[in-house]
Amino acid sequence: MRQPFRRASIYVALLLILEALTGLLIIIATGIYQLNLSSFLDDLDQRMLFSFLLNIYIFGAQVAVTFLCSHSLWNRLWKRRCTPNVRLMISVWLFYSCVLIASGFGTVWNIYYNIDVLENAAESSLLRGIDEYYTSPEWKLLWDGLQLRRQCCGVNSYKDWMGAEWMPRQLVNSSCRNRVVLAPIACTKRDCEAKLINHEDYGQHRRTPVPTLTLESINTNGCLALFSQGLMRYFYILLGLSLSALKFLIFLCCFTKYTLHRQNVGDGCDNVGLTDEDGRPLVMVKYPRNVRCVTVSEDDLASDMAPEPAYCNCEEVGETCDYCDG
């Protein structure tokens, strides 16, 4: 196909590469947020999260592979004539690309539709972790690391720790009277944690299963809100990347339509110009050298008898037989 303007193939290649990079960014962003969100969940809920994100991985891989292969396809198309088969191939490619991007938006909508499901699963998982804080080393490590890194305390607030099953009721009642908080050391703020370590009673706090802390020394915000914020942030990033992929595809569709429209008349796309003066179609045939051309009349074509051929010699390369006397 002829390029409609100078360096048109470069612009097509750039759009295809941008589409492929968008697919790679979708995979990378999904991997990063999967690691971040998995820190709030146990093993079972992590598998559920992966099942929701698996379609996103597949979508990103399809976009990357499809448009990288399309780059090779277009390099071959530029070297071919614009025949009806080429036009059909381009139409099928555009249709498949549109279906691919549309399925991506369906996958993004599925994530948005199930945000409440993921939040409820994270809440149930974290509350179960509070109840098993002192009986399961895995949950203790998860909660301590989560609260230290995220600077949060409890699921919805610090009060979740005082509602744990293993928390003695008399300690909860006395803490309410004395205005102290019963929560792990990991709930303390970073500056207050340093003061607590330097305090002479720190060893006593370490030996106490439930240290008593003041409200001013801990992080009062819950960890579930951070999970919800991270999930919504990932959704908006995913939506932005999907819109970018759609935008690049629209540019490709418009550019392809313009390219096919600008092909010269008679270049093979429209069969216009490959006719004689009476409108009958002409056939162009390449022949090797040293062959003889045979002319057959219309009466011979209608007859059941084999016609007696009339030959004319085409001895020189490029020489054509204008007419042959029969």
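Note that the structure is predicted; figures quoted are calculated from it, not measured.
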For the hydrophobic clusters of this structure (ILVMFWY residues joined by side-chain heavy atoms under 4.5 Å, transitively), does one cluster hold both [X] and [Y]?
X	Y	result
L24	I32	no
Y33	V117	yes
L94	I17	no
L14	L246	yes
I90	L88	no

Validation row: [X], [Y] side chains within 4.5 angstrom (heavy atoms):
X	Y	answer
F105	N110	no
T256	W93	yes
L226	Q151	no
Q229	R233	yes
N156	E123	yes
W78	T259	yes
L37	L118	no
R150	N36	yes

Decide yes or no on side-chain contact (heavy atoms from CB on, under 4.5 Å) for E138 and L142, but give the supporting numbers first. CA-CA 6 Å; E138 292 80 9; L142 187 148; over 6 Å; no
For residues [X] and [Y], report the shortest heavy-atom separation together with the two atoms involved.
X	Y	answer
D160	I130	CB-CD1, 3.7 Å
L252	E19	CD1-CG, 4.3 Å
I101	A245	CD1-CB, 3.9 Å
K189	N219	CG-OD1, 3.6 Å
S39	L146	O-CD1, 4.2 Å
Y234	I56	OH-CG2, 3.3 Å

I'd like to check the salt bridge (Lys or Arg N to Asp or Glu O under 4.0 Å) partners of D42; sequence neighbours left out, ordered by chain and number.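 Scan of D42 (salt bridge (Lys or Arg N to Asp or Glu O under 4.0 Å), adjacent residues dropped) gives R128.
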May I have the step-by-step check of side-chain hydrogen bond (donor to acceptor under 3.5 Å, both in side chains) for Q46 and S38, ending in yes or no? CA-CA 6 Å; Q46 287 179 10; S38 296; 4.8 Å; no
When you measure from the side chain of [X] to the backbone N and O of [Y], does any donor-acceptor pair fall under 3.5 Å?
X	Y	result
S72	C69	no
T188	I185	yes
Q147	G154	yes

I'd like to know whether the aromatic ring centres of W109 and Y112 sit less than 6.0 Å apart in this structure. yes
Verdict with supporting geometry, S125 and D45, side-chain hydrogen bond (donor to acceptor under 3.5 Å, both in side chains): CA-CA 7 Å; S125 178; D45 291 324; 3.2 Å; yes
Summary of disulfide bond (SG atoms under 2.5 Å apart) pairs that have at least one residue in residues 88-130, sequence neighbours excluded: none
In Å and rounded to the nearest 0.5 Å, what is the [atom1] to [atom2] distance from [X] to [Y]?
X	Y	atom1	atom2	result
C253	L15	SG	CG	10.5 Å
F251	L249	CZ	CG	11.0 Å
T30	I58	OG1	CD1	11.5 Å
L73	T66	CG	OG1	11.5 Å
L243	T22	CG	OG1	11.0 Å
N221	C187	CG	SG	9.5 Å

Is there less than 2.5 Å between the SG of C223 and that of C153?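 Looking at C153 and C223, their sulfur gamma atoms do not lie closer than 2.5 Å, so the answer is no.
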Between R47 and D43, does any NZ, NE, NH1 or NH2 come within less than 4.0 Å of an OD or OE carboxylate oxygen? no
Please test S136 against K140 for side-chain contact (heavy atoms from CB on, under 4.5 Å), starting from the C-alpha separation and ending with a verdict. CA-CA 6 Å; S136 175; K140 188 176 188 307; over 6 Å; no
Applying side-chain contact (heavy atoms from CB on, under 4.5 Å), run through E132 and T135 and close with a yes or a no. CA-CA 5 Å; E132 300 178 6; T135 59; 3.6 Å; yes
Is there any ring-ring contact (aromatic ring centres under 6.0 Å, His included) pair reaching into residues 34-70, and which pairs are they, with sequence neighbours excluded? F40-F227
Ring geometry between W161 and Y133 (parallel below 30°, tilted from 30 to 60°, perpendicular above 60°):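 The rings of Y133 and W161 stand perpendicular, inter-plane angle above 60°.
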